[in-house]
Number of protein chains: 2
Amino acid sequence: MLKLSKLTDYAAVIMAQIARSPSDSHTAAELATQVKLPLPTVGKTLKMLAKNGLLESRRGSHGGYVLSRPPGEITASDIIAAIEGPIGMTECSHADGDCELFETCGVADNWQRVSQAIRTLLDGVTLAHLAQSSPIKLPVQLPIQSVTLPVTASKA
Amino acid sequence: MLKLSKLTDYAAVIMAQIARSPSDSHTAAELATQVKLPLPTVGKTLKMLAKNGLLESRRGSHGGYVLSRPPGEITASDIIAAIEGPIGMTECSHADGDCELFETCGVADNWQRVSQAIRTLLDGVTLAHLAQSSPIKLPVQLPIQSVTLPVTASKA
DNA sequence: GTGATATAGGACCATTTTAGTCCTCTTTGC
DNA sequence: GCAAAGAGGACTAAAATGGTCCTATATCAC
């Protein structure tokens, strides 16, 4: 269903929570309480986010996590990629041509374009957007139907 | 990785193959040979596509599958939904409010908007696009960065 | 009406992925 | 030194996925 994993979903919620007070340091325990998720899971998620450079961590007492960049500069793509790895709709979206069906596939190119479009879309959604409650506007809604190409692909 | 399942990928390839001669009837065996995938798998995929109304099937000798609509009227969304169920990035994208974390989540609305944007994007990609080898153009690439909203979400 | 050709519809299993927990180690501040 | 916090990884249980196979049903040709 083109779905995010639960962990990614948690990550978004946690990041949003942090983004709402971006200058404070947040401990895993604190966040776990706030988002009502079990501590070990929150801890794991935070570690992944930190390892991928979205959060700065400090150990020891008075430690915790802070955003590594302002909320406006952290994108949905970043968060998804941090938890799930590189975004791509198909196997061959990033692998370097190790798909032995490439010849007969015939749709790889266009899938990759679609994939790229989604990535671009997600690049345009920032943590600041996610964290605020007011609706964000995305441009895709309207124009896409009008961009249809000459429909070939018929033969008979 | 926001990835399609393999089956969905197969479905796209198979549908594209059919779309290249849309007036012919295609048997599972025939298609399996053409796309170089095992027959049982191709059969299963075809059944799912037929059950979801994307293909018309005919049994018996001289049977096979035909597109139920012209390639320009079958979308990537249709194909994905046929194999994977409704498209949505998060659990709560379609379920009717059975998420007990809804209160503390704080990002549900905006995720749903993103989800919707992706769906719209995929609605704009037709089988005719996928089947042709020339590049399709998608509108999202350019304008999205410019639509950013007033970045609130700071507190300190 | 019989037989060959196809799909329909599930049951089934093996494998992989995912979610979630826990343990031990290191860092930091007091 | 001790308590608070994160780092890193091992581990398990559960779920999703991919793939195969079997039986039933429809259709056509003869």
Side-chain angles (χ1 to χ4, degrees), chain A residues 1-14 18 24-33 35-68 80 82-86 89-91 99 101, chain B residues 1-14 18 24-33 35-68 80 82-86 88-91 101:
Chain A
M1 324 177 182
L2 212 63
K3 204 177 320 207
L4 300 176
S5 76
K6 281 196 194 179
L7 266 297
T8 309
D9 210 354
Y10 299 163
V13 174
I14 293 168
I18 297 176
D24 298 349
S25 175
H26 303 257
T27 68
E30 203 184 299
L31 290 164
T33 307
V35 303
K36 295 196 182 136
L37 251 21
L39 174 57
T41 302
V42 172
K44 182 182 189 176
T45 308
L46 286 166
K47 282 179 223 170
M48 290 198 247
L49 291 167
K51 180 144 67 171
N52 285 282
L54 302 190
L55 295 174
E56 302 285 335
S57 66
R58 260 193 89 184
R59 296 189 181 186
S61 62
H62 304 126
Y65 296 91
V66 197
L67 295 183
S68 63
I80 296 173
I83 309 291
E84 313 197 1
M89 298 214 325
T90 57
E91 216 49 67
C99 172
L101 298 171
Chain B
M1 327 181 179
L2 213 61
K3 205 180 314 207
L4 300 176
S5 76
K6 280 196 194 179
L7 265 297
T8 308
D9 211 354
Y10 298 164
V13 174
I14 293 169
I18 297 176
D24 298 350
S25 175
H26 303 259
T27 68
E30 202 183 301
L31 290 164
T33 308
V35 304
K36 295 197 182 137
L37 253 19
L39 175 56
T41 301
V42 172
K44 182 182 190 175
T45 308
L46 287 165
K47 283 179 222 169
M48 291 198 248
L49 291 167
K51 180 144 63 171
N52 284 282
L54 301 189
L55 294 174
E56 302 283 336
S57 66
R58 260 194 88 182
R59 296 187 179 188
S61 62
H62 303 127
Y65 295 91
V66 197
L67 295 183
S68 62
I80 295 173
I83 308 291
E84 312 197 2
M89 297 214 326
T90 57
E91 218 47 70
L101 298 171

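Among the atoms of the strands shown, only primed sugar atoms or phosphate atoms (P, OP1, OP2) are found under 4.0 Å from some heavy atom of A:A28. At the heavy-atom level, A:K6 lies under 4.0 Å from the strands shown only through sugar-phosphate atoms. Residue A:L7 is classed as a sugar-phosphate contact, given heavy-atom separations below 4.0 Å to backbone atoms only.
For the pair B:S57 and C:dA8, the criterion of a side-chain N or O lying under 4.0 Å from OP1 or OP2 is met. Not one side-chain nitrogen or oxygen of B:R59 sits closer than 4.0 Å to the OP1 or OP2 atom of D:dA24. Between B:T41 and D:dT20 there is a side-chain polar atom (N or O) within less than 4.0 angstrom of OP1 or OP2. A close approach under 4.0 Å does not occur between any side-chain nitrogen or oxygen of A:T27 and OP1 or OP2 of D:dA4. Residue A:Y65 places at least one side-chain N or O under 4.0 Å from the OP1 or OP2 atom of D:dA7. OP1 or OP2 of D:dG18 has at least one side-chain nitrogen or oxygen of B:S5 nearer than 4.0 Å. In terms of phosphate contacts, B:Y10 brings a side-chain nitrogen or oxygen within less than 4.0 Å of OP1 or OP2 of D:dG19.
Comparing B:L39 and A:G60 against DNA chain C, the residue whose closest nucleotide sits nearer the 5' end is B:L39.
Comparing D:dG19, C:dT21, C:dG9 by their closest approach to the side chain of B:K44 singles out D:dG19.
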Please determine whether side chain to side chain donor-acceptor pair (under 3.5 Å) holds for the pair A:E56 and A:S68, giving the CA-CA distance in whole Å, both sets of side-chain angles, and the decisive distance to 0.1 Å.
CA-CA 5 Å; A:E56 302 285 335; A:S68 63; 4.6 Å; no

